[in-house]
Number of protein chains: 2
Amino acid sequence: MAKARMQEPETGDGGLHRRMLDALGEAITSGQLEPGRRLTLDELQREFGVSRTVARDTMRVLETMNLVQSRRRIGIVVQDPSRWNVYDPQLVRWRLASPRRDDQYSSLTELRIAVEPLAAAGAARRATSGQRAELAGLAAELRAFGEAGDLESFLATDIAFHRLIVRSSGNEMFAALDGMIAEALTGRTRQGRMPFHPRDEALDAHARAAEAIAHGNPGAAEGAMREVLQEVRTALNLD
Amino acid sequence: MAKARMQEPETGDGGLHRRMLDALGEAITSGQLEPGRRLTLDELQREFGVSRTVARDTMRVLETMNLVQSRRRIGIVVQDPSRWNVYDPQLVRWRLASPRRDDQYSSLTELRIAVEPLAAAGAARRATSGQRAELAGLAAELRAFGEAGDLESFLATDIAFHRLIVRSSGNEMFAALDGMIAEALTGRTRQGRMPFHPRDEALDAHARAAEAIAHGNPGAAEGAMREVLQEVRTALNLD
DNA sequence: GTCACTCAAAAGTGTTATCTTTGAAATGCG
DNA sequence: CGCATTTCAAAGATAACACTTTTGAGTGAC
């Protein structure tokens, strides 16, 4: 029986489940499905043309993110945003794709401002010598790209620099932010919130942070990192 | 008359799925199931005496936390800790219940030190007037309980104080930490890392933070909160 | 005899369909 | 109003089939 049910496999990673999850995740995080809205599995399986099993474990996943709660007889209830697991990378991605992305960017940026100085201090204490060397190298590249005005390469290197710091911090909760930091930096450049030419003070601060980490000086690393973030802070009107 | 049909409601929420999830979550986060270990659905459904349906969506949930990855023909592979979604409250709970809980406490505490000053600044900008008043009240209670040496009430009030600050910060990523902050504070007291009598400076700093927030002074709130966290910081040897 | 290539079987998850059980809400009856 | 009954929708079980890698056995060329 030739089942002409050919699933198109080129949609990234296919996965029936993934498509449904993304659709619902985006619908909820964008507010299109407002809190309190009740859904049922039957509805969903008809709407997405999937089996009960797929519908069921999609909802299980959304439930562990606290986007919905499933109760007997009631169905599946969309939860209030205050209950969401807003650190789930997938959820962050959905929110960054939604019309409300600006909220997500400013939250993320404020989080960066809070965390990165301490992460730098941690790196000064606990980074491996390889990481220290790599950081120094990245700071040098950063200056080169910055002075050359190569914004694209500058961004890539800047992302690598900040990610490496959180991953070297010795705190796995800081390290787990690396993907989100990359998103925030990318978003900043895309939204044109980045100066055309990185300021000299910013480049110096990056270099000082790398140096302080290399020399194992936590206090200096923390201070330098605060300076690095100062311009982000003023951009967010936090001063 | 009393139909002894009473289901005890305090078991969390019963749920076959929940029991299996907790068991596996604890086994993985405690390191009992080491990274790279391969499991199969058949094994699991036999071991837990559940159907494939339940086994499957349990694994789906663990997969979204990145505790495991499931691949065709291979089975279900326990992932390396560096890939875990360490901000998932459930995962944090498992880790706090595991023998390695100290790592989790220090990570959490370092995160608090990073975030709370900025959260206080945010609260000074964006808290509602009700929240500002409530904070002032909590600071006063805190002083009363502290001076009376009532550690139990002090802890409860301290938790309420810190939670209220992150929830008033206007940043949902800060607000989402409130449960974890409560756990960290509780743990600190339980582990006897708390001075018997809260220091005067700490009480003053709490009061100054509340006042700065009430008056809408972000800079002062941030500074006062840093002082509040100073003793935590020295306890963690971060100075 | 060894290397490389092909192809088929096996192992395990992915997906669907259908059924029974259970719990909670709504309803109706006294 | 209070209690039992009904009803709805998720929770869970079971069985079958589809899809994908891995493994390895067989085959041929050198």
Side-chain angles (χ1 to χ4, degrees), chain A residues 1-24 28 33 36-79, chain B residues 1-24 28 33 36-79:
Chain A
M1 288 292 214
K3 198 81 154 254
R5 247 321 173 72
M6 229 27 188
Q7 196 100 303
E8 48 251 84
E10 79 296 344
T11 36
D13 71 56
L16 203 39
H17 169 257
R18 176 54 51 106
R19 250 204 308 281
M20 181 175 178
L21 187 62
D22 279 339
L24 282 171
I28 295 174
L33 288 175
R37 172 72 168 269
R38 280 162 51 161
L39 311 167
T40 69
L41 282 181
D42 287 328
E43 248 170 63
L44 293 168
Q45 64 182 303
R46 251 176 298 124
E47 183 173 345
F48 288 92
V50 297
S51 73
R52 191 172 187 82
T53 310
V54 172
R56 223 169 92 83
D57 60 28
T58 299
M59 298 325 282
R60 263 282 142 69
V61 170
L62 291 175
E63 197 174 8
T64 67
M65 297 180 189
N66 276 315
L67 288 189
V68 302
Q69 196 189 354
S70 155
R71 291 170 57 198
R72 279 186 157 141
R73 161 80 210 206
I74 299 296
I76 291 147
V77 186
V78 177
Q79 295 294 102
Chain B
M1 59 200 267
K3 205 66 160 265
R5 223 12 154 66
M6 232 23 189
Q7 195 94 312
E8 46 253 89
E10 78 296 345
T11 36
D13 69 54
L16 203 40
H17 167 256
R18 178 53 54 104
R19 250 204 308 284
M20 182 176 178
L21 187 61
D22 278 339
L24 283 172
I28 294 174
L33 288 175
R37 172 73 167 270
R38 280 162 51 159
L39 311 167
T40 70
L41 281 181
D42 285 331
E43 245 170 67
L44 294 168
Q45 63 181 300
R46 252 178 298 124
E47 183 173 346
F48 288 91
V50 298
S51 72
R52 189 186 170 85
T53 311
V54 172
R56 228 173 87 77
D57 60 26
T58 300
M59 298 324 284
R60 260 280 140 71
V61 170
L62 290 175
E63 198 174 7
T64 66
M65 297 182 187
N66 277 315
L67 288 189
V68 303
Q69 195 189 355
S70 154
R71 293 169 55 198
R72 282 190 158 146
R73 158 80 208 208
I74 299 296
I76 291 147
V77 186
V78 177
Q79 296 295 99

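Residue numbers start from 1 in every chain, and the chains themselves are labelled A, B, ... in the order their sequence lines are given, proteins ahead of strands.
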Which of dA11(D), dT16(C), dA13(D) is nearest the side chain of Val54(B)? It is dA13(D)
Arg52(A) atom CZ is separated from dG12(D) atom P, nearest whole Å, by 12 Å
In whole angstroms, the gap separating P of dT13(C) from CD1 of Ile74(B) amounts to 10 Å
Between CZ of Arg46(A) and C1' of dA17(C) the distance, given in whole Å, is 16 Å
Here the distance between atom C1' of dG14(C) and atom CD of Gln45(B), to the nearest Å, is 14 Å
Per side chain to side chain contact (heavy atoms under 4.5 Å, CB included), Val78(B) is matched among Ile28(B), Leu67(B), Leu62(B) by Ile28(B)
Requested in this report: Classify the side-chain pair Glu63(B)/Asn66(B) by whether it contains a donor and acceptor separated by less than 3.5 Å.
Outcome: no
Between Arg38(B) and Thr53(B), whichever has its closest DNA chain D nucleotide further toward 5' is Thr53(B)
Next item on the list: Could you check whether Arg71(A) gets within reach of a base, just the sugar-phosphate, or nothing at all, counting any heavy atom under 4.0 Å?
Entry: sugar-phosphate
To the nearest 0.5 Å, atom CG of Leu44(B) lies from atom CZ of Arg56(B) at 13.0 Å
Checklist entry - Looking only at N and O atoms, is any donor in the side chain of Arg73(B) or the base of dT13(C) less than 3.5 Å from an acceptor on the other one? => result no
Atom CD of Gln69(A) and atom P of dA10(D) are separated, to the nearest Å, by 13 Å
When rounded to whole Å, the CE to C1' distance for the pair Met20(B) and dA13(D) reads 14 Å
In whole angstroms, the gap separating P of dT21(C) from NE2 of His17(B) amounts to 22 Å
d(Asp57(B) CG, Met20(B) CE) to nearest 0.5 Å is 9.0 Å
Result for 5'-nearest mapping on DNA chain C, choosing between Ser51(A) and Arg72(A), is Ser51(A)
Here the distance between atom C1' of dA11(D) and atom CG of Leu21(B), to the nearest Å, is 15 Å
